[in-house]
Protein chains: 2
Amino acid sequence: MSLVRRTIERYVKLTDAEWAVVAPHWQPRDFPRGAFITRTGEVEPWFSIVEQGVQRLFVEHDGSEVCVGFAYDGSWSGVYDSFVTRTPSRFAVQAVTDSRLWSIRREALYGLYDTVPAMDRWGRLILEELLIGRATREIEQLTLDAEARYRNLIRRSPHLLQLVAQKDIASYLRMTPETFSRLRARVR
Amino acid sequence: MSLVRRTIERYVKLTDAEWAVVAPHWQPRDFPRGAFITRTGEVEPWFSIVEQGVQRLFVEHDGSEVCVGFAYDGSWSGVYDSFVTRTPSRFAVQAVTDSRLWSIRREALYGLYDTVPAMDRWGRLILEELLIGRATREIEQLTLDAEARYRNLIRRSPHLLQLVAQKDIASYLRMTPETFSRLRARVR
DNA sequence: GAAGGTTCTTGATCCACATCAAGCGCCGGC
DNA sequence: GCCGGCGCTTGATGTGGATCAAGAACCTTC
């Protein structure tokens with residue numbers, strides 16, 4: 001069974017008839033390491049599920065970049081607010097490793113929302129999950145200092161350290177690469 | 001026509017028959033100034049639409065409070081992640097002024113999601129809006145310094161300054177009351 | 001496998017904002 | 001209408017993490 005169907009069915013069950021309607025709208029897209037999947041200022045037409053690879057989501061701000069999230073196998077990837085509002089994306093997405101995404105276009109997904117009620121529900125459940133993730137992250141930023149944020153990350157996502165550059169993790173944790181490096185040397 | 005119906009119909013149209021199913025589940029709840037609507041650690045059973053009053057949403061962290069949002073007339077109010085996951089809330093909600101909310105219980109809303117497809121869609125649209133708001137706020141925190149965040153707030157929500165204490169706005173903008181006070185004296 | 005770029009480390013210095021402190025004024029309650 | 005307390009202001013001092021700088025260890029790529 002396809003990755004896309006399995007991923008959707010983590011949230012809602014689809015009959016074979018429903019899947020037959022949904023399936024043709026998804027297509028694979030491949031990106032080599034370093035390629036941009038979405039650039040700042042472009043409208044995001046895709047919503048994607050990651051089959052393989054790691055991507056980083058970041059904001060550009062006078063010359064520097066601040067990482068706000070990562071996506072990897074089995075998670076979704078994209079810029080949801082640009083996708084929804086059809087406005088230029090304030091975030092960029094870049095493949096950190098060679099990546100394969102399965103993607104659906106906005107018009108196709110919104111068509112499915114109208115024709116397949118289970119997909120409308122899926123949209124709601126995905127968003128609930130995203131929103132809960134954001135709330136958790138906001139609380140971490142508010143209540144933890146640099147060291148505690150670092151400890152939290154290596155506890156919760158130790159694999160990230162192997163996959164992406166330390167400077168990206170550092171900016172994700174809202175600190176400079178120097179501070180991150182010093183923490184690594186100091187902690188444990 | 002009721003506030004609740006009008007508010008829902010900003011997102012989806014309801015037939016009179018659908019409204020007849022939806023309406024009985026909503027009830028008014030009144031809170032005097034200063035009352036807690038949700039306490040940290042309690043599971044949030046309500047989702048609410050604000051008829052009148054202002055509420056603040058905040059995180060408690062060793063003795064101090066950090067404001068993460070406000071709700072007022074026509075906006076929603078509640079702790080969505082606790083509501084969805086039925087886990088103890090990490091946020092508290094307090095009435096800043098005398099408030100009237102129209103609220104629906106979790107079981108009732110999830111029942112409506114199953115019986116009234118338009119409500120399932122409404123849930124998705126509300127979440128899209130919330131997520132876009134969070135993204136906007138995250139970008140502000142990342143790209144603006146204390147003064148720019150202050151200027152942004154007085155431009156976008158000048159009424160807030162009249163409605164809530166400066167210390168709450170200060171913590172919402174991630175600064176101390178002292179820094180906020182100095183900005184007010186310095187800027188314009 | 002040499003060259004050149006990028007990332008990571010380590011040290012010295014700096015600064016925006018927090019913290020501490022003290023006085024003032026306003027508002028709400030008895 | 002007076003008292004008590006919280007919120008606001010203003011000044012002095014402190015500090016976590018940023019910035020600046022320079023060398024070392026990687027990867028890439030040709």
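Each chain gets a letter, A, B and so on, in the order the sequences are listed, and its residues count up from 1. Bear in mind the structure is a predicted one, so any value in this text is a computation, not a measurement.
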Worksheet, complete the sentence: In whole angstroms, the gap separating P of D/dG16 from CG of A/Leu144 amounts to 16 Å
Worksheet item: Atom CG of B/Leu173 and atom P of C/dA18: how far apart are they, to the nearest Å?
Response: 11 Å
Worksheet entry | Presence of A/Thr179 side-chain N/O under 4.0 Å of D/dG16 phosphate oxygens OP1/OP2 | no
Worksheet item: How close or far is atom P of C/dA18 from atom CZ of B/Phe180, stated in whole angstroms?
Response: 13 Å
Practice prompt. Measure from CD1 on A/Ile169 to P on C/dT9 and round the result to the nearest Å.
Written response: 11 Å
Worksheet item: Over how many whole Å does the gap from B/Asp168 atom CG to D/dC6 atom P extend?
Response: 15 Å
Response to the item:
Among the nucleotides D/dG17, D/dC8, D/dT9, whichever has the atom closest to the side chain of B/Arg184 is D/dT9
Worksheet item: Pick the nucleotide of DNA chain D nearest each of A/Glu147 and A/Glu178; which residue has the one closer to the 5' end?
Response: A/Glu147
Practice prompt. Using a heavy-atom cut-off of under 4.0 Å over every strand shown, decide if A/Arg33 touches base, sugar-phosphate, or nothing.
Written response: sugar-phosphate
Worksheet item: Would you say the side chains of B/Glu129 and B/Tyr11 form a donor-acceptor pair under 3.5 Å?
Response: yes
Worksheet item: With respect to the phosphate group of D/dA18, does any side-chain polar atom (N or O) of A/Thr176 fall under 4.0 Å of OP1 or OP2?
Response: yes
Discussion item. Is it true that A/Ser89 and A/Glu42 share a donor-acceptor pair across their side chains at a distance under 3.5 Å?
Written reply: no
Discussion item. If only side-chain N and O atoms count, and only distance matters, is there a donor-acceptor pair under 3.5 Å linking B/Arg90 with A/Thr136?
Written reply: yes
Discussion item. Looking at B/Trp46, I'd like to know if the NZ or CZ of B/Arg105 sits under 6.0 Å from its six-membered ring centre while staying within 45 degrees of the ring's axis.
Written reply: yes
Response to the item:
Here the distance between atom C1' of C/dC17 and atom CZ of B/Arg174, to the nearest Å, is 15 Å
Discussion item. Which nucleotide wins on minimum distance to the side chain of A/Gln166, given the candidates D/dC8, C/dT10, C/dT9?
Written reply: C/dT9
Discussion item. Please determine whether a side-chain nitrogen or oxygen atom of B/Arg182 lies at a distance below 4.0 Å from atom OP1 or OP2 of D/dT10.
Written reply: no
Worksheet item: When the distance from OH of B/Tyr150 to P of C/dC17 is rounded to whole Å, what number comes out?
Response: 15 Å
Worksheet item: Expressed in angstrom and rounded to an integer, what is the separation of A/Asp145 atom CG from C/dA18 atom P?
Response: 15 Å
Worksheet entry | Sub-6.0 Å ring centroid separation between A/Phe180 and A/Tyr150 | yes
Worksheet item: Are A/Arg137 and A/Tyr172 in a cation-pi contact, defined as NZ or CZ under 6.0 Å from the six-membered ring centre and within 45° of the axis?
Response: yes
Worksheet item: So, is the end of the A/Arg124 side chain (NZ or CZ) under 6.0 Å from the ring centre of B/Tyr110 and within 45° of the ring's axis?
Response: yes
Worksheet item: Hey, what bend do you get for the helix from C/dG1-D/dC30 to C/dC30-D/dG1 if you fit axes on five pairs at each end, rounded to 10°?
Response: 60°
